[in-house]
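Beneath this line is the structure, given in structure tokens, with notes to follow.
Per chain, numbering begins at 1; letters A, B, ... match sequence-line order.
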2 protein chains.
Amino acid sequence: MSHTYEYPRPALTVDCVVFGQDEDDLKVLLIQRGVEPFAGRWALPGGFVRMDESLDAAARRELEEEAGIRPAHMEQLYTFGAPDRDPRGRIVTVAYFALVKLSDHRLHAATDAREAAWFSVWDTPKLAFDHADILATALQRLKGKVRYQPIGFELLPPKFTLTQLQRLYEIILERPLDKRNFRKKILAMDLLEELDEVEQDVSHRAARLYRFDHKKYKQLEKAGFNFEL
Amino acid sequence: MSHTYEYPRPALTVDCVVFGQDEDDLKVLLIQRGVEPFAGRWALPGGFVRMDESLDAAARRELEEEAGIRPAHMEQLYTFGAPDRDPRGRIVTVAYFALVKLSDHRLHAATDAREAAWFSVWDTPKLAFDHADILATALQRLKGKVRYQPIGFELLPPKFTLTQLQRLYEIILERPLDKRNFRKKILAMDLLEELDEVEQDVSHRAARLYRFDHKKYKQLEKAGFNFEL
DNA sequence: ACGGCATAGTGTCCAACGCACACCCGGGTC
DNA sequence: GACCCGGGTGTGCGTTGGACACTATGCCGT
């Protein structure tokens, strides 16, 4: 079955930059290509947009299909449409930016026959197409956004310690933060619920666990409150 | 001549939200549609992306063709792709955001046979397609961006008074600013060149003219300086 | 020439915030 | 019980943001 149009059309794909935090590293999800072009190279997960689905839906579907991932946070990043960005012809791609809790998506073997794996964002293999540009754009967005919107929490498990949170910010922003000032500021926002629980199985004093209060944040946001690290 | 593909493809367009400042009003450029669907309705300028041009180039070309406009500032805004956003079928559009000096683009009759006109952004006619959503997104972007990047200057003539600049910010941000604090802050950045010229033809004390120093801004930017109103 | 009018231009004070900084605490290990 | 490892806490200072009101200048009308 084929499809005919009066004027030529670019093909339209979505590609997803999925970030996860692991220990002291920021990871990005990549998939090894099985076919030409760029067979064997690593690339961002993605694929063609179907005629009856929105762009967001296409991005979610591809992530589910290719890596079994349902991200907590996802937003459109940028649309890349240089005429020569794909050797197969004119293909325009809408890039998405997603955050997942790595704890939810530990080791997963290739769900879609292809190999999927997490790489440090500071040390990725050579990527297919213009995916290195897309990744760079996504990193820039993450760095810029994390200071003004509480999206960092989407990378952490539901219960976390303040030190974990601080480490996350330090990794993303690539600079050290002062412990006392960080805690003062984040607690002053009154967005964290202090739990009656502490870390388990650590060989030192256990830290208190906190949970991000999404409801409270939405309320404060409506009232004109601005999150700012 | 027709074009055939193995899988169906959405059509791809660009649409431009062009802002201009006029006196005490923020204007947006609209074009009256001549054909169905939405014949007679006002819409954002835009059109189909050609196979050999980048998305940015398509946006610039459409603006030139439909309104004879070459904007000083232009950036990609967001891509809108709801399956039902166009009654003709699946059409995905990459929206752009542009700023022009209205002084450069005064009254221009319809360049492309169609009628083009400036409307107050607070009082537009009912727009075709999902263009009202696109406009709202663009306004939000403008409001957010103007405080952290010196793009406001692209809306003013090359030489302007501090009062004009302040009015512009007040219009965009929709709130009054304090004159002394505004001047203090903007001059402290050392980005404005104080000219040996004053306004002409005013029936009161003439204000000094200033010019934005793009070169100096680029230097400071490299040195880690952050513009912030 | 004089007065009136419209906008230009200018400085201080106070409160809030950002940031630098160091020590004791608690729990586990050996 | 000594030690090791991170957890948890408060103060002080310099900077910044924001409120606030009067004099200066030039044109116009009489």
| Do B/Lys185 side-chain and D/dG17 base share a donor-acceptor contact under 3.5 Å? | no
| Separation of D/dT15 C1' from B/Asn226 CG (nearest whole Å) | 17 Å
| In terms of the angle between their ring planes, are A/Phe97 and A/His73 parallel, tilted or perpendicular, with boundaries placed at 30° and 60°? | perpendicular
| request: Describe the nucleic acid contact of B/Thr163 in one word from base, sugar-phosphate, nothing, applying a heavy-atom distance below 4.0 Å. | output: sugar-phosphate
| task | Can you tell me the distance, in whole Å, between the CD atom of A/Gln164 and the C1' atom of D/dG8? | result | 16 Å
| Sugar-phosphate only, base, or nothing, as touched by B/Arg183 at under 4.0 Å among non-hydrogen atoms | base
| field | Partners meeting ring pair (Phe, Tyr, Trp, His ring centres under 6.0 Å) with B/Phe129 (sequence neighbours left out) | value | B/Phe38, B/His131
| task | Can you tell me the distance, in whole Å, between the CG atom of B/Asp201 and the C1' atom of D/dC28? | result | 14 Å
| Among A/Phe212, A/Tyr210, A/Tyr169, which one satisfies ring pair (Phe, Tyr, Trp, His ring centres under 6.0 Å) with A/Phe153? | A/Phe212
| Which heavy-atom pair separates A/Gly46 from A/Glu62 by the least distance, and what is that distance? | O-OE1, 3.4 Å
| query | What is the distance, rounded to the nearest whole Å, between atom CG of B/Leu229 and atom C1' of D/dG17? | reply | 11 Å
| field | Test of ring centre spacing under 6.0 Å for B/Phe227 and B/Phe225 | value | no
| request: Please check if atom CD in A/Gln140 has more than 12 non-hydrogen atoms from other residues, nucleotides or ligands closer than 6.0 Å. | output: no
| message | Walk along nucleotides 25-30 of chain C from 5' to 3' and tag each nucleotide B, S or - by protein heavy-atom contact under 4.0 Å, base first, then sugar-phosphate. | response | BBSS--
| Rounded to the Å, how far apart are B/Leu209 CG and C/dG9 C1'? | 15 Å
| said: If you define the side chain from C-beta out and look only at heavy atoms, does anything of B/Trp118 sit under 4.5 Å from B/Asp22? | reply: no
| Shortest non-hydrogen contact from A/Gln76 to A/Arg141? | O-NH2, 2.6 Å
| Within a radius of less than 6.0 Å around NZ of B/Lys159, do more than 12 heavy atoms belonging to other residues, nucleotides or ligands occur? | no
| field | Integer-rounded Å distance: D/dA19 C1' and B/Lys179 NZ | value | 15 Å
Please list, pair by pair, any protein nitrogen or oxygen found under 3.5 Å from a nitrogen or oxygen in nucleotides 11-16 of chain C.
unit_1 : atom_1 : unit_2   : atom_2 : d
C/dT12 : O4     : B/Lys184 : NZ     : 3.2

| task | Take atom CG of B/Leu177 and atom P of D/dG17, then tell me their distance rounded to the nearest Å. | result | 14 Å
| Taking atom P of D/dT9 as reference, at what distance in whole Å does atom CG of A/Leu187 sit? | 8 Å
